[in-house]
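Okay, so here's the structure we're looking at.
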2 protein chains.
Amino acid sequence: MKTRAQHRATTAPSSAGDSAGNSPGAPAEAPGTRERIVRAASALMQRQGYDATAIKQISQEADATLGSVYHFFPGGKQELAVAAVHRGDEEFSGILREILDAEPDPVAALTALTDSLAEGLRDSDWADGCPVTATALGTAGRLPDIQRAAAAAFDRWQGLVREKLTASGVPGDEAADLACTVISTLEGAELAAQVTRDDRPLRLAGTHLARLVSLSLDR
Amino acid sequence: MKTRAQHRATTAPSSAGDSAGNSPGAPAEAPGTRERIVRAASALMQRQGYDATAIKQISQEADATLGSVYHFFPGGKQELAVAAVHRGDEEFSGILREILDAEPDPVAALTALTDSLAEGLRDSDWADGCPVTATALGTAGRLPDIQRAAAAAFDRWQGLVREKLTASGVPGDEAADLACTVISTLEGAELAAQVTRDDRPLRLAGTHLARLVSLSLDR
DNA sequence: GTCTATAACTCGATAGAC
DNA sequence: GTCTATCGAGTTATAGAC
């Protein structure tokens, strides 16, 4: 199974309207400056949150200068954070789609999902949680642009789970409701695992979510 | 039902080893300086997180001077954050205990709990989420003291739910596992509700958690 | 597009009078 | 215990050469 870091490394560089990116077709080309900046911003804000991440640190991690950052993101730190949240959205959506597609049984897919999240957390020594939570939480009531981007991400992840459930025979309304709780529980369990430095919340979330979805399946 | 702000205002001032607090017995006495500082720190970090909250802002909100803050917390911002997390722990434990004790049926108690959390979020215009999440998340891998305090809080909340479940007839191991997922889901649903500015995640978490607990009860 | 220099500001923390 | 003044470091953001 692919870890999250591996997934980030293998994500196509031109997937987010990259104006200075590489032309499509050439395999494994080096990413452009803008792409490196977005990646660094997303990774750092995922671990430290919005306020603890300095633009200077982002530029260093991305091997770019401060001037380049403000060239690509004239809106400053806020605009950069919105791009980072969008990147996190795509990253997590990729993992979600990948695992949901690989496992036909929705119940087994849920436990595979929690296993994958637990693996990513352990591999990063409990540093890399959800790619958007840390950024969104500290800015929720303060910076509406970032809050909106995070809300859109949550909606998209919910939609992916809902599609899987309806495709498995769960009626429309119930699938949407269940998908919402699945995302909530995944978020909360990953948060709890990160704070307690123990994958137990994620493991239990997997078994309990499986039990819950089975109820809507067997009828 | 009491809202969270009301709960904070009516919490006894001398509940956390308050060395400069009021003597017990006198009703509704004005809180001391140290108490006001802890309250302000807890409230501000709950909304903004650790890094976005300046000590100067805390001192202003608490009607204290910067010198007073460093007098009571010579360990600086970090020590202050640990005290704020402890206060958030006690605050949330109080709400938990109150609702769990008032409702004998554990299934009904869970929906009452999500209703209460939704009410607190709506009343604060989606600003006041979990009292420790925002503080813990941004500092998890960086400041071990704060991370430990947050982990202890999660454990305590889990213990309260577990006691309620075992008292209702759920076998020991299963009660502990269920309690873990209950806390995870509550945390995640509150987070999702805050980010999306919609209480739907909390409402659905209530009905789905009720369904899940019923499974372990009817046998 | 990339780089350096710096302006303007805020941060945590300390010193010392009272 | 409370207050004011301040230090040094770090912050976002901008200006302008190349």
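What you see is a predicted model, and the numbers here were worked out from it, not measured in a lab. Order of the sequence lines sets the chain letters (A, B, ...), proteins ahead of strands, with each chain counted from 1.
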To the nearest Å, give me how far apart CZ (Phe73(B)) and P (dT14(C)) are. 15 Å
OP1 or OP2 of dG1(C) sitting under 4.0 Å from any side-chain N/O of Ser68(A)? no
State whether Thr33(B) places a side-chain N or O below 4.0 Å from either non-bridging phosphate oxygen (OP1 or OP2) of dG1(D). no
Identify each atom pair where a protein N or O and an N or O of nucleotides 9-12 of chain D are less than 3.5 Å apart, giving names and distance.
residue, atom, partner, partner atom, Å
dT12(D), OP1, Ile55(A), N, 3.4
dT12(D), OP1, Lys77(A), NZ, 3.1
dT12(D), OP2, Ile55(A), N, 3.2

If you define the side chain from C-beta out and look only at heavy atoms, does anything of Glu119(A) sit under 4.5 Å from Asp123(A)? yes
Indicate whether the side chain of Thr114(A) and that of Thr111(A) have a donor and an acceptor atom separated by less than 3.5 Å. no
note: Phe72(A), atom CZ; dA13(D), atom P; distance rounded to Å ~ 18 Å
Figure out the CZ/C1' separation between Arg36(B) and dT2(D), and round it to whole Å. 11 Å
What residue pairs, at least two apart or across chains, pass salt bridge (Lys or Arg N to Asp or Glu O under 4.0 Å) with a residue in residues 60-85 of chain B? none
Whole angstroms only, please: what is the CD-P distance between Gln60(A) and dC3(C)? 13 Å
To the nearest Å, give me how far apart CG (Asp63(A)) and P (dT2(C)) are. 12 Å
Got Gln158(A) and Arg162(A) here, is their nearest side-chain heavy-atom distance under 4.5 Å? no
Whole Å only: how far is the CD atom of Gln48(B) from the C1' atom of dC11(C)? 14 Å
Between the side chain of Gln194(A) and the main-chain N/O of Ala127(A), is any donor-acceptor distance below 3.5 Å? yes
Protein-nucleotide distance (Gln57(B), atom CD; dA13(C), atom P), rounded to Å: 16 Å
Just checking, is any N or O donor in the side chain of Asp199(B) or Trp126(B) under 3.5 Å from an acceptor N or O on the other one? no
